[in-house]
Amino acid sequence: MPRPLRAHVDLAAIAANLAVLRAHAGGARLMAVAKADAYGHGLMRCLPALAAADGLALLEIEQALRVREAGFAGTVLLLEGAFDDAELALCAERALAVVVHDARQLERLERARLPRPVHAWLKLNSGMNRLGFRPDAFVSARSALEGHPNVASLVLMTHFAAAETPGGVAAPLAEFERACAGSRAPRSCANSAALLRHPATRVQWVRPGIAVYGATPFDDRDAASLGLRPAMTLASEVIAVQELRPGEAVGYGGGFVADRPMRAGIVACGYADGYPRHAPTGTPVVVAGTPTRTLGRVSMDMLAVDLTGLPDAGVGTAVELWGRAQPVDAVARAAGTVGYELLCALAPRVPVSVSPAAA
Ligand SMILES: *Cc1c(COP(=O)(O)O)cnc(C)c1O
């Protein structure tokens, strides 16, 4: 029997989440953000479900070419734009859309000799100070690109720094609207949090990522309450049981010490599989369908769970690290991070199975 750790990707959950997001989007076109190998789920594995979106947002041109070759005919957007002249020409040739976020990319696009015009998404820095033009430069870049012979179509975009908070989009959205005023170009600004919480951001294109995969962008609302279904399950089994006497410790550093007779289950899953090492004692985990907690430090290949209240659990008992029974967001919160990071960090050594989108 192989090592029992397995990830499972449920394409029906992705399909259902896209339908939920579409309902929120009103008539807006839906771009599923699929960077970081579809947030750790596997881009090509998920493509049969993701193809229901109107567009896919990616970072690397290799990934963009793969989805094109697989027959995806919708918009494919490179979120950091083209990195050199050759990439820009290839984007034009294969009808891949590029973000234009700074003066260098703008100049490259203006002076390029392209096989055909390219689809451009001009990005405003509305306060995040990561990528994008400041408002004045954005307005002049807009004028330069509208009607430019190298530009097949233009979309105006921005990205919010704090859309998960109640007042998080008011100022940047107003900035975006000012910077777009007078242009008839379609617009795009909503990530998952904006789409789910701020209806005013649902303009021509929306760009949800994390919600597509069934995790929450919020601290104060879980995925289930948003109608989202987790697409990834990470599951393993108990491979050893330790009967602990009071005063005995578990794992490296002896960080957890039993204060009474306890049973610890050793689970085949560790930080080399993508489980966060900084998850402390008490991180939620589901064993044989029952919520319990981790004990002690996560090691490379194993972690310990509390079986004290689970007398029937033993070697071979099923453990869900995250998935339907154990939301990834609760594990992330315990570990001081977000579901995004855990999903993206699933290690290549974990075997992945997939169930189809059609029921
Ligand atoms: C990652 C990303 C998104 C999606 O964000 P989520 O919080 O995962 O919904 C949207 N737009 C841009 C520019 C991004 O980089």
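Indexing begins at 1, ligand by ligand and atom by atom, following the structure's order. Quick caveat: nothing in here was measured; it's all calculated off a predicted structure.
- A salt bridge is defined here as a Lys NZ or Arg NE, NH1 or NH2 lying under 4.0 Å from an Asp or Glu carboxylate O, and Asp329 with Arg221 fails to meet this definition.
- For the side chain to side chain contact (heavy atoms under 4.5 Å, CB included) with Val118, the lone residue among Asn150, Val151, Val98, Val100 that qualifies is Val98.
- By the 6.0 Å contact criterion, CE on Met300 is open, its count of non-hydrogen atoms from other residues, nucleotides or ligands being 12 or less.
- Note on ligand 1: Arg130 sits in its first shell, one or more heavy atoms being nearer than 4.0 Å.
- Protein heavy atom in closest approach to atom 9 (O) of ligand 1: Ser192 OG, 2.5 Å.
- Considering only non-hydrogen protein atoms, atom 1 (C) of ligand 1 sits nearest to Lys35 NZ, 1.4 Å.
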- Which is it for His198 and Leu173 under the side chain to side chain contact (heavy atoms under 4.5 Å, CB included) test, yes or no, and what are the steps along the way? CA-CA 10 Å; His198 304 289; Leu173 183 59; over 6 Å; no
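- At a threshold of 4.0 Å, the pair Asp102-Arg108 does not count as salt-bridged, since none of the basic side-chain nitrogens sits closer than that to a carboxylate oxygen.
- The parts of Arg207 lying near ligand 1 are both backbone and side chain, judged by heavy-atom distances below 4.0 Å.
- For ligand 1, the atoms closer than 4.0 angstrom to any heavy atom of Pro208 are 9 (O).
- Per-residue contacts place Tyr39 under 4.0 angstrom from the following atoms of ligand 1 (heavy atoms of the residue considered): 1 (C), 4 (C), 5 (O), 6 (P), 8 (O).
- The backbone N or O of Ala288 sits nowhere less than 3.5 Å from a side-chain atom of Thr317 that would complete a donor-acceptor pair.
- The shortest N or O to N or O distance between Ala211 and ligand 1 is not under 3.5 Å.
- Looking from atom 7 (O) of ligand 1 to the surrounding protein, the closest heavy atom is Tyr340 OH, 2.6 Å.
- Although no hydrogens or angles enter the test, the distance criterion places a donor-acceptor pair under 3.5 Å between the side chain of Arg68 and the main chain of Phe72.
- Within ligand 1, the atoms closer than 4.0 Å to a non-hydrogen atom of Ile210 are 6 (P), 8 (O), 9 (O), numbered from 1 in the order shown.
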